[in-house]
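Let me begin by presenting the structure, written as structure tokens, before commenting on it.
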Amino acid sequence: MTELKNSDTSPRKGIYLLPNLLTTAGLFSGFFAIVSSMNGRFEAAAVAIFIAMIFDGLDGRVARLTNTQSEFGAQYDSMSDLLAFGVAPALVAYNWALADLGKFGWLAAFIYVACAALRLARFNANLGVTDGRFFQGLASPAAAALVAGMVWNGASFEIDGDKYGYLVGLLTITAGFLMVSNFRYNSFKNLNWRDRVSFLTILLVVLVFVVIAARPAQMLFIIFFAYACSGPITTFRSVRKLKLEHVVGDSEDADFLDETAAKAESAKPEKTDAGN
């Protein structure tokens, strides 16, 4: 009887299926992007990275909605993000435009991968400490979208990536450095998705979807390029005097207390895939 009672009260072992299934789908999409780029199917590779972003945005939200969060799921999500938004974009860019550049090509790809790994490690270490309204550095899915969007546009216009290798390498390196920077990017967590909006707002949303559907490669690249540029602009506007620690440095140095800390209390950030 005692053994039976102990077994009944012991914690249940196992892995939640639904959120980890979505994480696996994102992992598969990232792996598919790598294989597709190796076979010269760069447009499919870029699209696969964007599909991975969709699954990455769903697994955390589904876990919270179904109350199936777990430490295993959080760690598995980080490993999936490293492949889908770190290794995959770097190799897709490498196979498309960087392979013939020698050391510069593979070093540019490696810098991106290393920065993505550092970005994910810093995000996990600072979870619950940083200001929930902003991301510290460009989120890895957004950086991946920037690189993948570039390749997608090049493939759709049948551009020979080898002719623009150095430009592709510089953009890839820049995307990597933005991930490990202290530039502040809006997380959009303060938006009230349950609030009522006007009919005109819904109409504008519909028009945005129509425009993106008409030119997905061009519009998505423009959107994420603009978002990547918004970080330095937001940072420069939020401090009286720009210092080195506002751009790069230890996480505790990037407090931005000059003007913003007294305005509102920091919202405790939630672990979302889009914020990795």
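Since the structure is predicted, the reported quantities are computational estimates derived from the model, not experimental observations. Side chains are part of it too, since the values below use all heavy atoms of this structure and drop only hydrogens, waters and symmetry mates.
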task: Go through the steps to decide whether Ile212 and Ile223 satisfy the test side-chain contact (heavy atoms from CB on, under 4.5 Å), and finish with yes or no.
output: CA-CA 10 Å; Ile212 293 177; Ile223 290 172; 3.8 Å; yes
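- With contacts defined as side-chain heavy-atom distances shorter than 4.5 Å, the pair Val92/Ile34 does not qualify.
- Within a 6.0 Å sphere centred on CZ of Phe225, other residues, nucleotides and ligands contribute 12 heavy atoms or fewer.
- Checking side-chain atoms of Asp160 against main-chain N and O of Asp162 turns up a donor-acceptor pair under 3.5 Å.
- Looking at Asn182, its side chain never comes within 3.5 Å of a backbone N or O of His246 through a donor-acceptor pair.
- With hydrogens and angles ignored, the 3.5 Å screen pairs a side-chain donor or acceptor of Ser181 with a backbone N or O of Leu178.
- The other residues sharing a hydrophobic cluster with Val205 are Phe209, where clustering joins ILVMFWY side chains under 4.5 Å apart.
- A pairwise comparison of heavy atoms in Pro89 and Ala144 identifies CG-CB, 3.5 Å as the closest pair.
- In this structure, the side chains of Phe157 and Gln218 come closer than 4.5 Å at one or more pairs of heavy atoms.
- Checked by atom type and distance alone, the side chain of Asn153 pairs as donor or acceptor with a backbone atom of Gly149 at under 3.5 Å.
- In the model, Thr235 has no side-chain atom that pairs as donor or acceptor with a side-chain atom of Ser238 under 3.5 Å.
- Between the side chain of Arg61 and the backbone N or O of Gly57 there is at least one donor-acceptor pair closer than 3.5 Å.
- In this structure a side-chain-to-backbone donor-acceptor pair under 3.5 Å is missing from Asn67 to Ala63.
- Between the side chains of Tyr94 and Thr172, no donor-acceptor pair is found at a separation under 3.5 Å.
- No single ILVMFWY cluster, assembled from side-chain heavy atoms under 4.5 Å apart, contains both Phe28 and Val62.
- Thr201 contributes no side-chain N or O that, together with a main-chain N or O of Val197, makes up a donor-acceptor pair within less than 3.5 Å.
- Taking a 6.0 Å sphere around CZ of Phe110, one finds it holds 12 or fewer heavy atoms contributed by other residues, nucleotides or ligands.
- Between the side chain of Arg119 and the main chain of Leu138, a donor-acceptor pair closer than 3.5 Å is present.
- The shortest distance between side-chain heavy atoms of Val180 and Val248 does not fall below 4.5 Å.
- Counting heavy atoms from C-beta on, the side chains of Thr68 and Leu18 never come closer than 4.5 Å.
- The local environment of OH in Tyr76 is crowded, with over 12 non-hydrogen atoms from other residues, nucleotides or ligands closer than 6.0 Å.
- Aromatic ring centres of Trp152 and Phe50 lie closer together than 6.0 Å.
- Phe224 is not listed as a side-chain neighbour of Met219, based on a closest heavy-atom distance of 4.5 Å or more.
- Under the ring-ring contact (aromatic ring centres under 6.0 Å, His included) test applied with Tyr185, the options Tyr227, Phe134, Phe135 reduce to a single match, Tyr227.
- Side-chain atoms of Thr23 come within 3.5 Å of backbone atoms of Pro19 as a donor-acceptor pair (strictly under, hydrogens ignored).
- Side-chain contacts under 4.5 Å among hydrophobic residues (ILVMFWY), followed directly or transitively, place Leu82 together with Leu120.
- In this structure, the ring of Phe104 has its center less than 6.0 angstrom from the ring center of Tyr166.
- No side-chain heavy atom of Asn186 sits under 4.5 Å from any side-chain heavy atom of Ser230.
- In the hydrophobic clustering of this structure, Met150 groups with Ile111; members are Ile, Leu, Val, Met, Phe, Trp, Tyr whose side-chain heavy atoms approach within less than 4.5 Å, directly or through other members.
- Here the side chains of Leu118 and Met179 are not in contact, with every heavy-atom distance at 4.5 Å or above.
- Between the side chain of Tyr16 and the main chain of Gln69, no donor-acceptor pair closer than 3.5 Å is present.
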